[in-house]
Amino acid sequence: SLSSKLQNIFSKLKAYGKLGEKQVEEVLREIRLALLEADVNFKVVKDFISNIKERAVGVEVMESLTPAQQVVKIVNEELTKLMGGVSNKVTFASKPPTIFMLVGLQGSGKTTSSAKFANYLKNMGKKPFLVAADIYRPAAIEQLESLANELGVSIYSDKKSGACKEIVRAGIKQAIREGSDVVVVDTAGRLHIDEEMMKEAREVKEATSPHQVLLVVDAMTGQDAINVAESFKEKLGFDGIILTKLDGDARGGAALSIRAVTKKPIKFISMGEKLDSLEVFYPDRMANRILG
Amino acid sequence: LFGASSIDESFWDEMEEILIRADVGIHATTQIIDKLKMRAKERNAKEAEEIKELFKSEMVEILTVENGNFINEDSLNVLLLVGVNGVGKTTTIAKMAYKFIGSDKKVLLAAADTFRAAAIEQLQEWGKRLGADVVRHQRGGDPAAVVFDAISAARARNMDILLVDTAGRLHTNVNLMEELKKIKRVVLKELHVDSVKIGLVVDATSGQNAISQARLFNDALGLDFVVLTKLDGTAKGGIVVAIEDEFKIPIWLIGTGEGLDDLRHFNPQKFVEALFG
Ligand SMILES: Nc1nc2c(ncn2[C@@H]2O[C@H](COP(=O)(O)OP(=O)(O)OP(=O)(O)O)[C@@H](O)[C@H]2O)c(=O)[nH]1
Ligand SMILES: Nc1nc2c(ncn2[C@@H]2O[C@H](COP(=O)(O)OP(=O)(O)OP(=O)(O)O)[C@@H](O)[C@H]2O)c(=O)[nH]1
Ligand SMILES: [Mg+2]
Ligand SMILES: [Mg+2]
């Protein structure tokens, strides 16, 4: 782990009492290595390291009796700060139904997360309603229908429609008719550089006025995470992030990069394929995982 | 970017940034840079352009792995695609089928993802569009049993190629990795090892975790090839450089979109040019 690596450096350098600039450089190298291995964005790491350096050569570490602990503490604090406070509280629209729209790259986990989120809302005492707005992927509608059926959640789908806007409008009407108070809209995977598909997403957003747009991101995403998030923010706009597939050994540095650059909160993490595997996001736990 | 023609520390920093931002990873990048620094010294290279070309040729070398034929002309070939969730296995199976059918091969598909919602339906829809049959069982059934039946059907119908789609799974899930080993055992009971090829599908957007994926899938099954998908995005897919460097598994195909036609042979030269582009 990073803390034990840092301890190692300090014991080798016999850094008791004063902490020299050379020791700080060595520590920073280790931290940089850990963050890059964890897929944190190159530029975000650069900025982060210079922030740490500024604090590390400051008085608090220089005067500290346990410089290693001090540096680790600073790194953890800066990381947790960057990850954002605990912002997991799901908010709802003042007038129902509250509409959530899930977007993201192909295969990131949107359809599964839509169902999981509906389940989460159901357990909260809400009456969720799913809308299958992916009209492109073979059997995408069947996939969400199957999940809705498994959960006992109502769903609107139209296998004949070629217009997403119409599907979501009809879906919301149906949800209101049934007395549902939350609608979760699953959309097709799309590239942030696919102008046609980003335009469609904007149209669906305009047609539904969602309370929140959630960007679904795979935890194993590498350096490209920032391109994707910035693009989705600029071309569509989103309010929060769902980070998926954290049940593996991906360090999840993309979470830090996206948060640092877009300032948007991570709302949930997905810890598996089961429908009850959506969890609230804890920034300090994520910071620890990224550090390794 | 290469305006400065002198080779100073900022030049090497620039090269490091290109490679890391392409997901080559800090470790493989450091190794490549150290090697290039030596080479530059040996050749007394002074021009940035010259060193840049050396970088490219070094990476092409890493990415060029000796690979025999993946398809035998005169017997049934079984190709099994594996990988973590959502990387593009099912879609790649469809694209490969399209490619083989285009070369007049008789192709059969096996829906061995018996777990995920509508996984079987997804492959069946592709089969319909391709005019290829899909061997399937009930959802929740034993994937190895599906594969066994598919092999019998492939033999009975004198098929050239059987493509097996498997469920996405994390390489760290021991039980699911055991399930794959069982599928492999079932296949090898029926066919000679030369007729069976196992391919790992890797998403170009993935970061360093893909190395761990390659390692564990290779340890469990032995991998014959890699397919790198979603190269039509902005991710460079440089993770394959690190994978190649460590495991030497040939990269056979790349995915460049969601249509049947969006599959190409991996070309190390073109890939490296795009990475630096
Ligand atoms: N292990 C694991 N698998 C997950 C998780 N979330 C989703 N998956 C799996 O990831 C794969 C892709 O999930 P989908 O929900 O189909 O992804 P998607 O974003 O809707 O895909 P497209 O609609 O094609 O863009 C499926 O096999 C899911 O079961 C997770 O948290 N952990
Ligand atoms: N842009 C792009 N999308 C792709 C590519 N290959 C697959 N996809 C998309 O990625 C998503 C997931 O593809 P699947 O084939 O379902 O992936 P999978 O690995 O079988 O997923 P699981 O079975 O759930 O693990 C779908 O939306 C595909 O259309 C590619 O090369 N480029
Ligand atoms: Mg989907
Ligand atoms: Mg699949």
Side-chain angles (χ1 to χ4, degrees), chain A residues 32-43 45-46 105-112 115 136-150 188-194 217-228 231 244-245 247-254 272-273, chain B residues 16-27 29-30 84-91 94 115-129 139 167-173 203-213 216 229-230 232-239 257-258:
Chain A
R32 178 177 184 262
L33 192 64
L35 294 178
L36 288 176
E37 281 178 332
D39 292 319
V40 181
N41 181 269
F42 186 87
K43 176 110 199 337
V45 173
K46 206 171 185 178
L105 292 183
Q106 291 88 348
S108 57
K110 299 173 294 300
T111 303
T112 322
Y136 305 101
R137 170 174 151 155
I141 295 176
E142 284 80 347
Q143 185 184 3
L144 194 62
E145 283 179 334
S146 166
L147 295 173
N149 189 19
E150 212 177 312
R190 72 201 64 226
L191 291 179
H192 48 301
I193 53 172
D194 184 335
V217 178
D218 192 323
M220 68 181 190
T221 309
Q223 295 289 313
D224 199 45
I226 292 223
N227 293 336
V228 177
S231 230
T244 62
K245 307 177 203 172
D247 43 318
D249 59 352
R251 297 263 287 275
E273 291 189 81
Chain B
E16 185 192 52
E17 180 164 349
I18 293 176
L19 293 180
I20 291 181
R21 291 178 67 165
D23 283 315
V24 174
I26 181 73
H27 295 292
T29 297
T30 306
V84 301
N85 308 73
V87 294
K89 298 176 293 299
T90 306
T91 312
F115 169 74
R116 206 205 70 208
I120 295 171
E121 287 78 354
Q122 184 185 5
L123 192 65
Q124 283 183 309
E125 175 58 27
W126 281 119
K128 197 156 148 232
R129 296 182 194 188
R139 183 182 173 194
R169 71 203 65 222
L170 293 183
H171 45 301
T172 46
N173 186 317
D203 190 325
T205 66
S206 45
Q208 300 307 296
N209 192 249
I211 299 178
S212 174
Q213 295 169 24
L216 295 190
T229 61
K230 307 181 195 171
D232 47 317
T234 50
K236 301 281 188 175
I239 193 61
E258 301 189 71

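Below, chains carry the letters A, B, ... as their sequence lines are ordered, and counting in each starts from 1.
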For this session: Go through I239(B), V87(B), D203(B), D232(B) and name the one with the most non-hydrogen pairs under 4.5 angstrom from chain A.
Result: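 Heavy-atom pair counts peak at D232(B).
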Problem set entry | chain A interface, residue from T172(B), N85(B), V84(B) that has the most non-hydrogen pairs under 4.5 Å |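 Looking at each option in turn, the highest pair count goes to N85(B).
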Do [X] side-chain atoms and [Y] backbone N/O form a donor-acceptor pair below 3.5 Å?
{"X": "K230(B)", "Y": "E258(B)", "answer": "no"}
{"X": "T221(A)", "Y": "D218(A)", "answer": "yes"}
{"X": "Q223(A)", "Y": "F42(A)", "answer": "yes"}

Exercise. Under a 4.5 Å heavy-atom cut-off, does chain A meet the side chain of I20(B), its backbone, both or neither?
Worked result: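 I20(B) touches chain A through backbone and side-chain heavy atoms alike.
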Exercise. Which bit of Q124(B) is near chain A, if near means a heavy-atom gap under 4.5 Å: side chain, backbone, both or neither?
Worked result: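 Contact with chain A: none, neither part.
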Taking [options] one by one, which has the highest count of heavy-atom pairs under 4.5 Å against chain B?
{"options": "K46(A), E142(A), K245(A)", "result": "K245(A)"}
{"options": "K43(A), Q143(A), R32(A)", "result": "Q143(A)"}
{"options": "E150(A), R251(A), H192(A)", "result": "H192(A)"}
{"options": "S146(A), G222(A), G189(A), G253(A)", "result": "G222(A)"}

Problem set entry | Test side-chain contact (heavy atoms from CB on, under 4.5 Å) applied to E125(B) - qualifying residues, sequence neighbours left out |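 Expected list: P138(A), K128(B), R129(B).
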For this session: Kindly compute the distance separating CG (D23(B)) from CG (N209(B)), expressed to the nearest 0.5 Å.
Result: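 Answer rounded to 0.5 Å: 11.5 Å.
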For this session: Could you tell me the separation between the CG atom of D39(A) and the OG atom of S206(B), rounded to the nearest 0.5 Å?
Result: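 Taking CG in D39(A) and OG in S206(B), the distance rounds to 8.5 Å.
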By a 4.5 Å heavy-atom criterion (distance strictly below it), what part of [X] contacts chain B: side chain, backbone, both, or neither?
{"X": "L36(A)", "answer": "both"}
{"X": "I226(A)", "answer": "neither"}
{"X": "D247(A)", "answer": "both"}
{"X": "D249(A)", "answer": "both"}
{"X": "E273(A)", "answer": "side chain"}

For this session: Compare every heavy atom of S108(A) with every heavy atom of L105(A), then report the nearest pair and how far apart it is.
Result: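 Minimum heavy-atom separation between L105(A) and S108(A): O-OG, 3.0 Å.
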Exercise. Which heavy-atom pair separates D224(A) from N227(A) by the least distance, and what is that distance?
Worked result: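 So the two residues come closest at OD1-ND2, 2.8 Å.
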Exercise. Counting only heavy atoms not in R21(B), do more than 12 fall under 6.0 Å of its CZ?
Worked result: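 Not more than 12 within 6.0 Å, no.
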